[in-house]
Amino acid sequence: MSLMMTIRLSLKHILWCALLVVVVGCGEQAPSSATQHYKTMTVARQDYTQCRQFTARIESQQNIDVFPLVAGILKKLYVQEGARVKKGQPLFVVEQAPFIAAVDAAKARVATARAALSTAQVNLEGKEKLYALQMVGEFDLRRARHARDEAAALLETAEAGLATARTDLDYTTVTSPVDGAISIMNFSEGELVAPTEDIPLAVIAANKHIYAYTSLSEKLLADLLKEYGCSTSAELMSRLPAVALQTVWGEELPQKGHLDAVSGDVDISTGAVLLRASFENPSELFRNGSNGYLLLPTTKHGVFVIPQDAILHIQDKCFVYRVVEGKAAFTEVKGTAADDDEHFVVTSGLGDGDVIVVEHVGLVTEGMAIVPSTEKKGSK
């Protein structure tokens, strides 16, 4: 290679190195360990209400199996599956012809018994007149009275039979016992039905009043008893606040409910205690068998509510950086995450007027000089 070619390559290499230095020099400088500007907030004690959310299973307060009271052929259906029905509304009719015939036969027996009683009464009156004239003895008079009483008893029996026949005829029309929604029909027209069947004609759910069932762990139940200063579950039920019910898609029932029952035992398989809340459900937003969420509000008094971004989680502990005399102080706090997933409720570790760092806490170190920028006020 010639000397001239070597000089040209060397100059080219030098130019490339110079350009690289210029490009690197134009880049951002690494942050120094000097005083940093961070957003801070001054904390203050406050009352904070958050909702505990529990998965709930919904049942109607009245979920009634409808059976016929007489046996026969199902003649007619008056309602469709899923229809809303009113109390006393006809639902089904069982074949009535045999029951109408039974009523007619009972009427005939009543007429016969009434005629027999009339005859016995006339005979008794004749015996009484003859006895007064001493033309018959006391034995004949007593026998006439017994015959009259027997005829009266037979009439009562016939009238009772007529009442039973009429009741059975009335039972051929099956009516709704409550206002509610009717389930899928279990029988069709033409099928034989009977009171002894294991399967009901249908099930009617009265959804205007509902129960929401959920489960609590033994630990949470114990925490609630302690939190509300109760010694028994019954006492806790009377002190707990009103609860809300929410659908799985987030719509909340306008009517609030109340917790009114807790099971006396613990489920062996889950270690949970069953809890029940009652709600009015006039719009029938929930139906028997629905799922939802039970929302139990709990108010904590004298706590500090800070952003989640201010918390450092190390293993199972939580820490914040307080600003003390212009420097970061690593401080452990205790509390729980708020239900909005944005805040943290501190129950201990902070005091009124403490200033904490609320951004980029992962970049802060113990003793670092902190200059507050746009101080944030305590959250509510």
ask   = Under a 4.0 Å N-O cut-off, is there an ion pair linking D223 with K226?
value = no
ask   = If two hydrophobic side chains count as joined below 4.5 Å and joins carry through other members, does L240 share a cluster with L274?
value = no
task = Could you tell me whether the side chain of E191 and the main chain of S188 form a donor-acceptor pair under 3.5 Å?
result = yes
key: N291 versus V248, closest heavy-atom pair with distance   = O-CG1, 3.8 Å
query = Counting N and O atoms only, with roles assigned by atom type, does the side chain of Q61 sit under 3.5 Å from a partner on the main chain of A206, one being a donor and the other an acceptor?
reply = no
inquiry  = Under a 3.5 Å distance rule, please check whether D309 uses its side chain to pair with a backbone N or O of V358 as donor and acceptor.
reply    = no
query = Would a distance-only check, ignoring hydrogens and angles, find a side-chain to backbone donor-acceptor pair under 3.5 Å from D354 to G351?
reply = yes
ask   = Does R142 come within less than 4.0 Å of E138, counting only side-chain N to carboxylate O?
value = yes
key: Spatial distance of atom CD (Q255) from atom CG (N281) [nearest 0.5 Å]   = 7.5 Å
query = Counting only N and O atoms by type, is there a donor-acceptor contact under 3.5 Å from the side chain of E235 to the main-chain atoms of S231?
reply = yes
CA sep, side-chain torsions, deciding dist, call: E280, H209, side-chain hydrogen bond (donor to acceptor under 3.5 Å, both in side chains) = CA-CA 5 Å; E280 298 297 321; H209 310 279; 2.6 Å; yes
ask   = Taking the side chain from Q89 and the backbone from K86, do they hold a donor-acceptor pair closer than 3.5 Å?
value = yes
request  = Mind listing the closest non-hydrogen atom pair of N288 and S60 along with its distance?
outcome  = OD1-N, 3.0 Å
key: Sub-4.5 Å side-chain heavy-atom contact between F286 and L245   = yes
task = Measure from NZ or CZ of R239 to the centre of the six-membered ring of Y228 and say whether it is under 6.0 Å with the direction within 45° of the ring axis.
result = no
query = Should the ring pair H313 and F344 be called parallel, tilted or perpendicular, given that the plane angle runs from 0 to 90° and is split at 30 and 60?
reply = perpendicular
query = Below 4.0 angstrom, N of the basic side chain to O of the carboxylate: do E125 and R145 qualify?
reply = no
Nearest-0.5 Å distance that lies between atom NE2 in H37 and atom CD in E359 = 11.5 Å
task = Could you pull out the closest heavy-atom pair between D65 and P200, with the gap in Å?
result = CB-CB, 3.8 Å
request  = Report yes if the side chains of V243 and L259 come closer than 4.5 Å at any heavy-atom pair, otherwise no.
outcome  = yes
message = For R287 versus A181, what's the shortest heavy-atom pair and its separation?
response = NH1-CB, 4.2 Å
Intermediate values then yes/no, side-chain hydrogen bond (donor to acceptor under 3.5 Å, both in side chains), T299 and D47 = CA-CA 7 Å; T299 300; D47 293 341; over 6 Å; no
ask   = Between atom CD of E128 and atom CG of L133, what is the distance when rounded to the nearest 0.5 Å?
value = 12.5 Å
ask   = Measuring from S215:OG to L275:CG, what's the distance to the nearest 0.5 Å?
value = 8.5 Å
ask   = Are L141 and L124 side-chain neighbours, meaning at least one heavy-atom pair lies under 4.5 Å?
value = yes
task = Report yes if the side chains of R322 and V355 come closer than 4.5 Å at any heavy-atom pair, otherwise no.
result = no
inquiry  = Let's go through K327 and E366 carefully: what are the C-alpha distance in whole Å and the side-chain angles of both, what is the deciding distance for side chain to side chain contact (heavy atoms under 4.5 Å, CB included) to 0.1 Å, and is it a yes or a no?
reply    = CA-CA 8 Å; K327 295 184 178 181; E366 175 75 18; over 6 Å; no
request  = Could you walk me through whether H360 and V357 pass the side chain to side chain contact (heavy atoms under 4.5 Å, CB included) test, one step at a time?
outcome  = CA-CA 8 Å; H360 307 313; V357 179; over 6 Å; no
same_hphob_cluster(I58, V262) at 4.5 Å side-chain heavy-atom cutoff = yes
task = Using the side-chain contact (heavy atoms from CB on, under 4.5 Å) rule, pick out the option among T175, T173, V85 that qualifies with L91.
result = V85
ask   = So, T214 side chain and T55 main chain: donor-acceptor pair closer than 3.5 Å or not?
value = yes
Cluster link L169 to V70, ILVMFWY, side chain under 4.5 Å = yes
message = Show, in sequence, the C-alpha distance, side-chain angles and deciding distance for F304 and V345, and conclude whether the side chain to side chain contact (heavy atoms under 4.5 Å, CB included) test is met.
response = CA-CA 6 Å; F304 303 99; V345 181; over 6 Å; no
request  = State, yes or no, whether a side-chain contact exists between E252 and L295 at a heavy-atom distance under 4.5 Å.
outcome  = yes
inquiry  = Check whether Y321 reaches the backbone of V364 with its side chain - one donor and one acceptor, N or O, closer than 3.5 Å.
reply    = yes
query = When you check the gap from the basic side-chain N to the acidic O, do E59 and R57 get nearer than 4.0 Å?
reply = yes
task = Identify the heavy atoms of V136 and D140 that sit nearest to each other, and give their distance.
result = CB-OD2, 3.9 Å
request  = Give the C-alpha distance, both sets of side-chain angles, the deciding distance and a yes or no for side chain to side chain contact (heavy atoms under 4.5 Å, CB included) between F319 and E332.
outcome  = CA-CA 4 Å; F319 298 87; E332 182 180 357; 3.5 Å; yes
message = Show, in sequence, the C-alpha distance, side-chain angles and deciding distance for Y78 and F92, and conclude whether the ring-ring contact (aromatic ring centres under 6.0 Å, His included) test is met.
response = CA-CA 6 Å; Y78 286 114; F92 319 95; 8.7 Å; no
ask   = Are any non-hydrogen side-chain atoms of E159 and R114 less than 4.5 angstrom apart?
value = yes
task = Taking all non-hydrogen atoms of both residues into account, name the closest pair between L350 and V320 and its distance.
result = CD2-CG2, 4.0 Å
remark   = dist L201:CG -> S183:OG (nearest 0.5 Å) comes out at 10.0 Å
request  = Evaluate salt bridge (Lys or Arg N to Asp or Glu O under 4.0 Å) for R109 paired with E156, printing each intermediate quantity in order.
outcome  = CA-CA 10 Å; R109 286 193 290 272; E156 289 180 0; over 6 Å; no
message = salt bridge (Lys or Arg N to Asp or Glu O under 4.0 Å), that's the test. Do R84 and E284 meet it? Break it down for me.
response = CA-CA 11 Å; R84 286 182 169 82; E284 297 192 28; 3.1 Å; yes
task = Following the transitive rule for hydrophobic clusters with a side-chain heavy-atom cut-off under 4.5 Å over Ile, Leu, Val, Met, Phe, Trp and Tyr, establish whether I199 and I182 coincide in one cluster.
result = yes
message = One thing to verify: whether D352 and R45 come together as a salt bridge, which I'm taking to mean a side-chain N less than 4.0 angstrom from a carboxylate O.
response = yes
message = Checking the side chain of K208 only, and the main-chain atoms of P282 only, is there a donor and an acceptor separated by less than 3.5 Å?
response = yes
query = Under 4.5 Å between side-chain heavy atoms, hopping through other hydrophobics if needed: is there a path connecting V273 to L294?
reply = yes
query = Would you say I306 and I356 make side-chain contact, with heavy atoms under 4.5 Å?
reply = yes
request  = Look only at the side chain of E95 and the backbone of A97, and say whether a donor-acceptor pair between them is shorter than 3.5 Å.
outcome  = yes
ask   = Are any of the side-chain heavy atoms of I204 and P177 separated by less than 4.5 Å?
value = yes
query = Between Y293 and F54, is the ring centre distance below 6.0 Å?
reply = no
key: Rounded distance [0.5 Å steps], CG in L117 versus CD in Q121   = 6.5 Å
